[in-house]
Amino acid sequence: MLHDDEEAHDMILETEVTDLVTLERVVNSGVKRIKMIATIDHHGQLNDQNLLDTAVSLTQAASVELVISIWPRHGGYHYDFHDVEESIRLLQQLRAHGVKTVSFGVLDEKNQLARDKMIKLIEAAGSMSVVYQFSTNDVSDDAYQKAVQWLERYGAKH
């Protein structure tokens, strides 16, 4: 048990945000990282552009890392062709709005890293940092280790 007089562990306080009220509250609370999920509507536009723009502005002013998670419409880690194309458009929009860090993860039908789709998304991320996300419950230990090694060659953080 950690006591008040002991040295603290190296931890990052991270909060997921879905609305403006929570965004403003957590930015002012000293949080170090904020996660948001970005989606685009059926017209190919960001669903909540105001929230995104406000998040970029507030987090940059407060030196808080903002990580935008990319998910296909159906959720999960299995992207079809349309999910990849939609995600590429979303990544382009996020970069244009000043987002610096994004996270996503794509698995194939065998629950292994879908390298071909990941390359497309990593390239679409351009200058943004990429954090690879997926549940370790979805992959074997061997597949996870191979994925991490491959992703590190492409500059992904884990």
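- In this structure, CZ on Arg95 lies 12.0 Å from NE2 on His97, to the nearest 0.5 angstrom.
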What donor-acceptor contacts under 3.5 angstrom involve side-chain atoms of residues 19-28, with partners at least two apart or in another chain?
| from | atom 1 | to | atom 2 | distance (Å) |
| --- | --- | --- | --- | --- |
| Asp19 | OD1 | Val21 | N | 3.1 |
| Asp19 | OD1 | Thr22 | N | 2.8 |
| Asp19 | OD1 | Thr22 | OG1 | 3.0 |
| Asp19 | OD2 | Thr22 | OG1 | 2.9 |
| Asn28 | ND2 | Glu24 | O | 3.0 |

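- One finds the OG atom of Ser87 at 11.5 Å from the NZ atom of Lys120 (value rounded to the nearest 0.5 Å).
- Between His78 and Asp108, the side chains place no donor N or O within less than 3.5 Å of an acceptor N or O (distance only, hydrogens not considered).
- Aromatic rings from Phe104 and Trp71 are positioned such that their centres are separated by 6.0 Å or more.
- Atom OG1 of Thr18 sits about 8.0 Å away from atom CG of Leu51, to the nearest 0.5 Å.
- Residues Thr101 and Val131 are in side-chain contact: their nearest non-hydrogen atoms beyond the backbone lie under 4.5 Å apart.
- Comment: Asp142 engages Lys146 in a salt bridge, judged by a side-chain N to carboxylate O separation of less than 4.0 angstrom.
- At a threshold of 4.5 Å between side-chain heavy atoms, the hydrophobic network of Ile, Leu, Val, Met, Phe, Trp and Tyr places Met128 and Val67 in two separate groups.
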Side chain to side chain contact (heavy atoms under 4.5 Å, CB included), that's the test. Do Ile34 and Met36 meet it? Break it down for me. CA-CA 7 Å; Ile34 291 177; Met36 291 176 51; 4.2 Å; yes
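- From Ser103, atom OG reaches atom CD1 of Ile70 across 7.0 Å, with rounding to the nearest 0.5 Å.
- In this structure, the separation between NZ on Lys35 and CD on Glu65 is 10.0 Å, given to the nearest 0.5 Å.
- Residues satisfying the side-chain hydrogen bond (donor to acceptor under 3.5 Å, both in side chains) criterion with Lys100, sequence neighbours excluded, are absent altogether.
- No donor-acceptor pair closer than 3.5 Å links the side chain of Arg115 to the backbone N or O of Leu151.
- Of the inter-residue distances, the one linking Leu91 atom CG with Arg89 atom CZ reads 11.0 Å to the nearest 0.5 angstrom.
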Val99 and Leu52: side chain to side chain contact (heavy atoms under 4.5 Å, CB included), yes or no, with the steps? CA-CA 9 Å; Val99 172; Leu52 177 67; 3.8 Å; yes
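- Of the possible donor and acceptor atoms, one in the side chain of Thr54 sits under 3.5 Å from a partner among the backbone N and O of Asn50.
- Legend: residues meeting side-chain contact (heavy atoms from CB on, under 4.5 Å) with Asp83, ordered by chain and number and at least two apart, are Pro72, His74, Tyr79, Asp80.
- By the 4.5 Å heavy-atom criterion applied to side chains, Ile68 and Leu66 are counted as neighbours.
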Can Leu113 and Trp150 be said to form a side chain to side chain contact (heavy atoms under 4.5 Å, CB included), step by step? CA-CA 9 Å; Leu113 185 69; Trp150 185 86; 3.1 Å; yes
Which is it for Lys32 and Val64 under the side chain to side chain contact (heavy atoms under 4.5 Å, CB included) test, yes or no, and what are the steps along the way? CA-CA 5 Å; Lys32 297 296 181 200; Val64 173; 6.0 Å; no
